There are 2 protein chains.
Amino acid sequence: MLMTNNEEVIEELKRIVKQKGLKYTEQREIVLDILINAEEHLSAEDVYNQIKTKYPESNIGIATVYRALGFLEEVNLITSIAFGTEGKKYESNAKSHHDHLICTSCGKIVEFLDDEIEKRQERIAKKNKFKITSHSMQLYGTCKDCQESK
Amino acid sequence: MLMTNNEEVIEELKRIVKQKGLKYTEQREIVLDILINAEEHLSAEDVYNQIKTKYPESNIGIATVYRALGFLEEVNLITSIAFGTEGKKYESNAKSHHDHLICTSCGKIVEFLDDEIEKRQERIAKKNKFKITSHSMQLYGTCKDCQESK
DNA sequence: ATATATGCAAAGCTTTTGCATCGAA
DNA sequence: TTCGATGCAAAAGCTTTGCATATAT
């Protein structure tokens with residue numbers, strides 16, 4: 001499935017919800033919308049706060065945010081990662097695939113993509129007769145600024 | 001720094017503690033020992049429980065485990081990662097590195113290592129001026145058996 | 001009409017912190 | 001002897017859950 005824009009992701013959410021016999025709610029759409037348009041990875045509370053700012057008329061509760069995040073991750077529309085001292089953070093899967101360089105000192109995240117690595121991952125999967133659905137890769141270390149400030 | 005065995009890692013801990021003008025305690029050594037000998041990634045509570053089993057005479061508190069884990073991660077003897085629904089887990093940096101192919105259907109895990117990927121990771125880190133301390137990569141998918149039983 | 005989803009508040013976990021005491025150097 | 005480290009318990013954070021109500025279908 002290739003999703004080129006936000007509407008398409010929202011449509012995908014509708015399709016999944018319908019297929020599962022669940023109900024389509026504005027809250028789930030809002031949570032997804034926030035993540036689709038986020039510049040960076042967001043914690044559950046970040047999402048909650050952004051909703052209060054961007055959709056002040058929505059009286060969403062933090063519990064609903066958590067439930068929506070869990071649901072969206074389960075159906076593969078978003079992904080969570082957590083590192084260092086910071087808690088779990090989420091990002092939309094609609095963003096083009098990339099891996100992460102994470103500074104364990106200041107928390108900075110640099111996204112990158114390497115075609116050769118992607119190809120090799122496929123090859124390894126094939127060799128082991130796995131059918132890959134997703135993958136994640138993180139390089140942990142210290143960014144330039146943090147190395148200097150030591 | 002290359003560490004080929006456990007004693008060497010413990011020595012490294014002693015060196016670091018001394019260099020920082022801190023005090024060497026059995027508790028920090030025990031926490032490190034647990035992680036060095038762990039078969040898998042452990043949560044703070046896992047570590048605490050294993051200590052109670054392996055060193056029943058040690059009256060360590062959970063707060064000390066957290067403090068030791070934070071310290072050991074800070075000085076780069078261990079690494080924490082967290083993904084998906086699981087919480088934060090720790091592993092010793094002395095263990096030989098490998099990546100994972102994970103079957104999301106039956107849970108089977110295949111470990112692998114690809115030199116070319118490792119090299120490229122280094123190159124990417126260097127390009128971004130990061131000093132890598134560790135990394136993790138997971139390929140999620142369906143193994144052969146689970147594909148067939150569908 | 002029916003069953004899922006929500007909001008709220010309470011409950012449950014996980015992790016951190018204050019403080020008196022202990023112990024390594 | 002000194003000052004960092006520990007254990008305990010309390011506090012603080014973060015996430016989940018129970019329940020009555022609201023709402024999508």
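Just so it is clear, the model here is predicted, and its values are computed rather than measured. Quick note on labels: first sequence line is chain A, next is B, and so on, each numbered from 1.
- Residues Glu91(A) and His98(A) bring a donor and an acceptor atom of their side chains to less than 3.5 Å of each other.
- Looking at heavy-atom distances under 4.0 Å, Ile60(A) makes contact with sugar-phosphate atoms alone, never a base.
- Considering only side-chain N and O atoms, Arg67(A) lies nowhere under 4.0 angstrom from the phosphate OP1 or OP2 of dA5(C).
- Each of Thr79(A), Leu13(A), Asn93(A), Ile16(A) was checked for a side chain to side chain contact (heavy atoms under 4.5 Å, CB included) with Leu72(A), and the lone residue meeting it is Leu13(A).
- One interatomic measurement links the two molecules: CD of Gln27(B) to C1' of dC8(D), which rounds to 14 Å at whole-angstrom precision.
- Atom-to-atom, CD1 of Ile62(A) to P of dA5(C) comes out at 19 Å; the value is rounded to the nearest Å.
- Dashed line: the shortest gap from a side-chain N or O of Thr25(B) to OP1 or OP2 of dT6(D) is under 4.0 Å.
- Proximity of Tyr24(A) to the phosphate of dA24(D): no side-chain N or O atom is located under 4.0 Å from OP1 or OP2.
- One interatomic measurement links the two molecules: CD of Glu57(B) to P of dG7(D), which rounds to 12 Å at whole-angstrom precision.
- At a cut-off of 3.5 angstrom, counting only N and O atoms as typed in the model, there is a donor on one side and an acceptor on the other between the side-chain of Lys23(B) and the base of dC3(D).
- The closest side-chain donor-acceptor pair between Asn6(B) and Asp33(B), if any, does not fall under 3.5 angstrom.
- In this model, the phosphate group of dG7(C) is approached by a side-chain N or O of Thr64(A) to a distance below 4.0 Å at OP1 or OP2.
- At whole-Å resolution of the value, OH in Tyr66(B) and P in dA12(D) are 18 Å apart.
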*asked:* Let's go through Ile117(B) and Glu116(A) carefully: what are the C-alpha distance in whole Å and the side-chain angles of both, what is the deciding distance for side-chain contact (heavy atoms from CB on, under 4.5 Å) to 0.1 Å, and is it a yes or a no?
replied: CA-CA 8 Å; Ile117(B) 289 180; Glu116(A) 181 62 23; over 6 Å; no
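- Looking at Lys119(A) and Glu122(A), no side-chain N of the basic residue comes within less than 4.0 Å of a carboxylate O on the acidic one, giving no salt bridge.
- Tyr48(B) places its OH atom 15 Å from the C1' atom of dC13(C), with the value rounded to the nearest Å.
- Separating the CG atom of Leu42(B) from the P atom of dT14(C) is a distance of 15 Å, rounded to the nearest angstrom.
- In this structure, Glu26(B) places its CD atom 14 Å from C1' of dC22(C), rounding to the nearest Å.
- Along DNA chain C, the nucleotide nearest Ser43(B) and the nucleotide nearest Leu22(B) are compared for position; the residue whose nucleotide lies closer to the 5' end is Ser43(B).
- One can place CD1 of Ile16(B) at 19 Å from P of dG4(D), the figure rounded to the nearest angstrom.
- Applying the 4.0 Å criterion to OP1 and OP2 of dA22(D), one finds that Asn59(A) has every side-chain N and O outside that range.
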